Number of protein chains: 2
Amino acid sequence: MSAASYAMGLDRCAANHVPLTPLGFLDRAALVHPRRIAVVHGELTRTWAQTRERCYRLASALVARGIQAGDTVSVLAPNTPAMLEAHFGVPLSGAVLNAINHRLDAEGVAFILRHGECKLLMVDREYAGVAAAALALLDHRPIVIDINDHLAPAGAPIGEVDYESLLAGGDPRFAGIWPSDEWQPIALNYTSGTTGDPKGVVASHRGTYLMSQLQITNWSVPKAPRYLWTLPMFHANGWCFTWGITAAAGTHVCLRKVSAEAVMAAIDSQGIDHLCAAPIVMAMLSDSAQGKTLPRPVRVLTAGSPPPLAVLEAVRAMGFDVEHVFGITEVCGTPVSCEWQDDWDRLPTAEQGKLRVRQGARAAMFEGLMVGDADTLEPVPQDGRTAGELMLRGNTVMMGYFKNEAATRRALAGGWFRTGDVAVQHDSGYVQITDRSKDVIISGGENISSVEVEDVIHGHPAVLHAAVVAQPDEKWGEVPCAFVELRAGVAPPSEQDIVAFCRARLAHFKCPRRVFFHTLPKTATGKIQKFKLREEAGSAAAITRLADHA
Amino acid sequence: MSAASYAMGLDRCAANHVPLTPLGFLDRAALVHPRRIAVVHGELTRTWAQTRERCYRLASALVARGIQAGDTVSVLAPNTPAMLEAHFGVPLSGAVLNAINHRLDAEGVAFILRHGECKLLMVDREYAGVAAAALALLDHRPIVIDINDHLAPAGAPIGEVDYESLLAGGDPRFAGIWPSDEWQPIALNYTSGTTGDPKGVVASHRGTYLMSQLQITNWSVPKAPRYLWTLPMFHANGWCFTWGITAAAGTHVCLRKVSAEAVMAAIDSQGIDHLCAAPIVMAMLSDSAQGKTLPRPVRVLTAGSPPPLAVLEAVRAMGFDVEHVFGITEVCGTPVSCEWQDDWDRLPTAEQGKLRVRQGARAAMFEGLMVGDADTLEPVPQDGRTAGELMLRGNTVMMGYFKNEAATRRALAGGWFRTGDVAVQHDSGYVQITDRSKDVIISGGENISSVEVEDVIHGHPAVLHAAVVAQPDEKWGEVPCAFVELRAGVAPPSEQDIVAFCRARLAHFKCPRRVFFHTLPKTATGKIQKFKLREEAGSAAAITRLADHA
């Protein structure tokens, strides 16, 4: 500052500077809309006043059990009211919320409890078995709370106390332990770990506050949305919609298990107008509920992997208004979106579809996006062809990886977070992911985008899911190998049918050499586990090689 | 933090921490929607790409003229493209934007230029006369730039260079001088100063970023709004809509002068769907355009003073969707709003009207609101009757008053900003302003809310504007005195008619003793200048007293 006049008497104080945190959204929803329904779970409904009271009871009860500021409190539960309450009650106790993927096995859960230094674990009774097995693997057992959700299957208690009893002993007038600095952790989210040990992504109060508002503004969420929880809350805190829908004083409609029937029933009976869904959920809807029409427009935010064009068109035909976004646990949500351009309306539908699958551009509340060289940070030309790594910079990027300074440094070096996704940038500035770094197939020196091949295969009417991976090849180095999950009740195509279908639409070197038909292995968040398919493709290649050499 | 594990290796860095500033919204709008119309001004339209280029040209040209970080750059202009560009171009030069109320006289302008330490002044040629007179009062003349807006009346240049020439010499590839800390000033806004010298409110990059997003979320502004500039941009930076509409990549439709005809014409021809308007602008619309219907719903945010119920109902009948909010320059916008309650829809219209004029509750992005004692900070009971001072706390509250540490300390003491407004808090938590502190009438020991009396008078069909002030009275101390501006083309009521109208609806001690009919003096932002009316009422009382004693 050259002008000294602005440097005096204009300091931060309690009236003009409050640490940003999404926790305040709860008080405000309860203050302004105390009687509005906050949570629906089967027949159970609770207002914002009731929900606020339960969250403060939880926070005070955790403190009473010895939880201190900066401790980790873990939750192993599906999308239930308890899981939502944990998003407020746990940080209001000063602790860091660690929502665990409930589809992990005991070893996976134990790894997280151990590495995350869990002090207290809340477990939905459906997962009591896996939790008990995980706890048996630990040297130090945390306090364990049983969540006896009324819609959960029966299960024996494994904890010291039941969640409702814990709350009953809590103090609804508890003031809460609020962050003294917005750069303090609020959540610890382990990446799904398709390779190696999972890493613990630490999110800050500041970052999650800003991502909550980014979601509201970038998706233009109106007041009082009725939001269906198809996206797991354990997945990056439901991309911050746990907090964001609360900021909008909306209604959270819970769902323990995602099925096409359950989603369609909730849309019918609960007035749902917004939901988030991985492409795999949309595929499920298009498969099971095709031809049905919606009672009202339902807006869908989709992310997780590039949505197959055919699936996108099928659910749009049903009346879902799908917006394609991109995010990753490390940025706490989805700060990149394929915002519709004014002049795209005039394009033919097929052209629109090609544009719609782009990941797009940064939101107004996110600061930077680049496709470039991860080492030199040199951007690629915006030619829609030159591939580079997608990198992000902004206030919603994680604080870092928990107890892994080396990985944090690698991920954030030079002021950019490396997503590990390979992308091109179009002349419009919109980015399009062509692959995960490790999913690119290099055949005879040519790069093949597995996504491009998958998109073609998805266009076949009998295909529900498709994944293409590299198969080792003595001549070409690698060749594409396809795995296909078929729709129910259709005439199954042959391997040759799929190859021919591809050859009619793709350069021959990009077409799969082999096609295997079976159910695809998926992660908890609906991502196809390509590492398993790569193993399968590798074994198949080895067998072929042995046969050739025999 | 008790858990040391979160204290290590999770520091802020360039990838995860960027100073919050609304300036980034411009780059993002130009990146994602380069060809969308950003600004309309009469026949002139410019895209976001063009507008961005002009802002960066302006910033670089200011730097080339010697402007340094922390200098004050003033603008004296109505709602034109140049004024909008200044909201980005000036801070992008590192300077602090000082948008001056163009309805001030030369002394008022000179006070601001002198106190604000203005280094460079940009003047719309309509205000060249007042600017030249103001400059003549200064010891140090700043650099002066003439803005020759094509819709401005003719005027002789008073500056060194013309705005368009300045831009032509600027560098469109200038990188901009970005804040190194979000707690740096972006704007200096002088309060309208109905009493004493105006005070310079300093707004931060952080505060204006958050207020811009608060406006978008709290008003649920959709993507690509078409926003009409009826609210002066010099008024708290247009409540941050200068930056907020840019964040939504909307279209700013400029308007040099507000008239009912101009507003209705813009709504017809420019697809306007959003505007902000002081109650006085709505009164103008209800007066001149009553009976007209809108070609589409137009959303109106109104603030500035409690809107008269009759005016509110009249414009609602025309099809304006009015939302009532509250703000003050010191909080950089309108963080309090009368958010509609789900069960209000079932109430009779008259009841709804009474609820609609409440100022309401805090937005989700604003942290605190209280009605209480300004000294003890003791809140009043939420009984809808006990008056206290309305106080606010949050991240959009000003950094402080420029070069006035004593006033800053008084305003922000104890962690609450004192608005100077007297309010009650209803059991719903919603606040309702009953008066400015200095506008309360104390008659025979009873407090009379001037707003309550004004509301009744506004219900008279011949009344366009009404203001009630205290008139000195030998017996009662003070008595209410009314000033009324009548609608055009109606049979004028007599003083007795108005008094009788009030007596039928109010306790007698609240009814005005005298009623004067004339055009009411208003500030630039449409607030009635009660201090002038108090002078008039005082003179009238003195004359009466003299006559009585004669």
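Quick caveat, the model's predicted, so the values are computed rather than measured. Letters go in sequence order (proteins before strands), and every chain restarts at 1.
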Exercise for the section: Report yes if the side chains of B:Asp342 and A:Arg35 come closer than 4.5 Å at any heavy-atom pair, otherwise no. Expected result: no
Completion exercise
Taken to the nearest 0.5 Å, the spacing of A:Asn395 CG from B:Glu182 CD works out to 7.0 Å
Fill in the blank from the handout: Heavy-atom closest pair (B:Ala15 atom, A:Trp416 atom, distance to 0.1 Å) is CB-N, 3.7 Å
Exercise for the section: Verify side chain to side chain contact (heavy atoms under 4.5 Å, CB included) between A:Asp27 and B:Arg362, making sure each step is shown before the conclusion. Expected result: CA-CA 11 Å; A:Asp27 282 354; B:Arg362 67 182 171 91; 3.8 Å; yes
Problem - Distance in Å, B:Arg12 CZ paired with A:Arg206 CZ, rounded so as to fall on 0.5 Å steps - result: 7.5 Å
Problem - Best-contacting candidate, B:Glu367, B:Met365, B:Glu330, against chain A by heavy atom pairs under 4.5 angstrom - result: B:Met365
Exercise for the section: Just give me the residue among A:Val32, A:Leu412, A:Asp343 that pairs up with chain B most often, heavy atom to heavy atom, under 4.5 Å. Expected result: A:Val32
Practice task
Look up atom CG in A:Leu369 and atom CG in B:Leu31, then write down how far apart they are to the nearest 0.5 Å.
Solution key: 8.0 Å
Handout entry: Separation of A:Leu10 CG from B:Trp183 CH2 (nearest 0.5 Å)
Key = 8.5 Å
Handout entry: Heavy-atom closest pair, residues B:Ala14 and A:Arg393
Key = O-NE, 3.5 Å
Exercise for the section: Measure the shortest side-chain to side-chain distance between B:Asn16 and A:Thr408 over non-hydrogen atoms and say whether it is less than 4.5 angstrom. Expected result: no
Exercise for the section: For the residue pair B:Trp340 and A:Lys223, establish whether any side-chain heavy-atom pair is separated by less than 4.5 Å. Expected result: no
Handout entry: Engaged part of B:Arg409 at the chain A interface, taking heavy atoms whose separation is under 4.5 Å
Key = neither
Fill in the blank from the handout: Honestly, the part of A:Val202 sitting under 4.5 Å from a heavy atom of chain B is side chain
Practice task
Please determine, among B:Leu188, B:Thr217, B:Ile216, the option with the most heavy-atom pairs under 4.5 Å with chain A.
Solution key: B:Thr217
Exercise for the section: Flag the one option from B:Pro19, B:Gly400, B:Ala363 with the top tally of heavy-atom pairs under 4.5 Å to chain A. Expected result: B:Ala363
Problem - chain A contact via B:Tyr430 - side chain, backbone, both or neither, heavy atoms under 4.5 Å - result: side chain
Completion exercise
Of the listed B:Pro34, B:Ala29, B:Gly394, B:Ala249, the one with the largest count of heavy-atom pairs under 4.5 Å with chain A is B:Gly394
Fill in the blank from the handout: Pair count under 4.5 Å, heavy atoms only, with chain B: among A:Arg36, A:Lys403, A:Met398, A:Glu339, highest is A:Glu339
Practice task
Mind listing the closest non-hydrogen atom pair of B:Ala364 and A:Ala247 along with its distance?
Solution key: CB-O, 3.5 Å
Practice task
Can you tell which part of B:Leu214 gets under 4.5 Å to a heavy atom of chain A, answering side chain, backbone, both or neither?
Solution key: neither
